[in-house]
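Note: hydrogens, waters and symmetry copies are ignored here, and every other heavy atom, side chains too, is used. In each ligand, atom 1 is the first atom listed, and ligand 1 is the first ligand listed.
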Amino acid sequence: MTLRAVVRGAGHYLPERVVPNSEFESIVDTSDEWIRTRSGIERRHFAAEGQTTSDMATRAARAALDDARLRPDDIDAIILATSTADLTFPSAATMVQANLGMTRGFAFDVQAVCAGFIFALANANALILSGQAERVLVIGAETFSRLMDWTDRTTCVLFGDGAGALVLEGARGDGTSDDRGILSTDLNSDGRYRDALYVDGGVSTNSTGVLKMQGKEVFRHAVEKLADTAHRALDKAGLGPSDVDWMVPHQANLRIISATAQKMGLPMEKVILTVQDHGNTSAASIPLALSVGRERGQIHRGQLLATEAIGGGLAWGSVILRW
Ligand code: UT7
């Protein structure tokens, strides 16, 4: 018997305010048509004034706990993937822990930008397989609207806010790729590409900063690296693209998603798409897509999911899991 980290519950939260592409037409020199055709984005949600990442993460966490029919004290660890924590410290994860009224276990943030949820899942998997935790709440939550340069049309139209969460639980499987749960992970980063996507400020430089991106450069890396990491992760699980029921990609750009699906030989009917409604929510995009995909009736128990993401670092990776 092999221990696996199995999904027991999922949930998400999107802030009330929906911002259609047309709203940007009065802020920068852009058009709904440009944003739709270049990125696939039609609208995104923005957090309300005063609403923080830990607020949204807590709501997504509560939804995932309800779905799993568990109480906060049933959880051993919280891992929150975010690049937009409320404060420099303590971690947003410990704020979620307190908001949930959870008085045991431990909580920490993971920062791998848009690949954050993949890195958080891999860490949760390692905690469960090593016996350090039986149940882990894995959250991706972001308020990227706070990092925007509202005069830069090449970036401000692309991002959105939101949160998604999974409850993972250790369960015994047969040790085959038919087992439910995380079957393999593949993590990568290459800091030489730090200038491709970054925020030009931070604590040790005494500034706040805004997001800067060389869009074309990131696009090129994404198309090359995403199919690569997903293939590697599938290979580690002894599986291939034809075994995949759903590709659940980071939702940054529809053209990147379709190029990756094409490279993997997967039809778009096998891809969970939320980019049109959420924009790029960084570390929140994959858990949002998982929870929304399940809610839409697309994702079912026992199906094989290939998740993949890339973002600032550059950092990228893939997790293969059977739902
Ligand atoms: O989540 C982390 C990973 N991030 C990503 O995956 C994002 C990767 N990059 C992309 O998604 C795309 O590169 C973008 C959507 C950012 C840009 O699409 P593109 O097809 O690469 O466009 P481009 O940067 O080559 O720009 C084409 C033209 C330029 O004008 P010129 O130089 O051809 O006259 C831009 O100035 O479009 C112009 N442009 C815009 N026009 C209207 C750039 N942004 C806008 C805009 N509205 N918002």
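- Taking the six-membered ring wherever Trp is involved, the centroid distance between the rings of W150 and F159 does not fall below 6.0 Å.
- Counting the atoms of ligand 1 from 1 in the order shown, those under 4.0 Å from a heavy atom of L197 are 2 (C).
- Looking at T154 against ligand 1, both its backbone and its side chain come within 4.0 Å, counting heavy atoms.
- Within 6.0 Å of CZ in R301 there are 12 or fewer heavy atoms belonging to other residues, nucleotides or ligands.
- The CZ atom of R8 sits 8.5 Å away from the CD1 atom of I75 when rounded to the nearest 0.5 Å.
- Remark: distances from the non-hydrogen atoms of T155 to ligand 1 are all 4.0 Å or more.
- Under a cutoff of 6.0 Å and an axis angle of 45°, K225 and W316 form a cation-pi pair.
- Counting heavy atoms under 4.0 Å from ligand 1, residue I256 touches it through the side chain alone.
- At the top of the distance list for atom 27 (C) of ligand 1, counting protein heavy atoms only, stands R38 NH1, 3.6 Å.
- With a 4.0 Å heavy-atom cut-off, ligand 1 is reached by the side chain of C114 but not by its N, CA, C or O.
- To the nearest 0.5 Å, atom CD of residue E134 and atom CG of residue D74 are 9.5 Å apart.
- Between the side chains of N188 and R232, at least one donor-acceptor pair of N or O atoms lies under 3.5 Å.
- Here atom 37 (O) of ligand 1 lies nearest to W34 when heavy atoms of W316, F24, F159, W34 are compared.
- For the atom pair OG1 (T155) and CZ (F144), the distance works out to 11.0 Å, reported to the nearest 0.5 Å.
- Heavy-atom proximity to atom 21 (O) of ligand 1, evaluated over K216, H250, Q251, is greatest for K216.
- I299 and I118 fall within the same hydrophobic cluster, where Ile, Leu, Val, Met, Phe, Trp and Tyr residues are linked whenever their side-chain heavy atoms come under 4.5 Å apart, directly or through other members.
- With ligand atoms numbered from 1 in the order given, ligand 1 contributes 48 (N) to contacts under 4.0 Å with heavy atoms of V157.
- Close contacts between ligand 1 and N253 involve ligand atoms 10 (C), 11 (O), 12 (C), 15 (C) [criterion: under 4.0 Å to a heavy atom].
- Side chains of T84 and E142: a donor on one and an acceptor on the other come within 3.5 Å.
- Atom numbering of ligand 1 starts at 1 in the shown order; those under 4.0 Å from a heavy atom of D29 are 42 (C), 47 (N).
- In Q262, the CD atom is not crowded: 12 or fewer heavy atoms of neighbouring residues, nucleotides or ligands sit closer than 6.0 Å.
- Nearest protein heavy-atom neighbour of atom 35 (C) of ligand 1: R153 NH2, 3.9 Å.
- Each of the atoms 1 (O), 2 (C) of ligand 1 lies under 4.0 Å from some heavy atom of N280.
- Counting protein heavy atoms under 4.0 angstrom from atom 47 (N) of ligand 1 gives one or more.
- Looking from atom 8 (C) of ligand 1 to the surrounding protein, the closest heavy atom is G215 O, 3.6 Å.
- Separation of atoms OG1 (T94) and CG (D109) is listed at 7.0 Å; rounding is to 0.5 Å.
- In this structure, atom 19 (P) of ligand 1 lies nearest to the protein heavy atom R255 NH2, 3.5 Å.
- Residue, atom and distance of the protein heavy atom nearest to atom 4 (N) of ligand 1 are V218 CG1, 3.5 Å.
- Here S54 contributes atom OG and R59 contributes atom CZ; the two are 10.5 Å apart, rounded to the nearest 0.5 Å.
- Within ligand 1, the atoms closer than 4.0 Å to a non-hydrogen atom of A252 are 1 (O), 5 (C), 6 (O), numbered from 1 in the order shown.
- Distance check for atom 6 (O) of ligand 1: a protein heavy atom is found below 4.0 Å.
- For the pair L158 and ligand 1, a heavy-atom separation below 4.0 Å is found.
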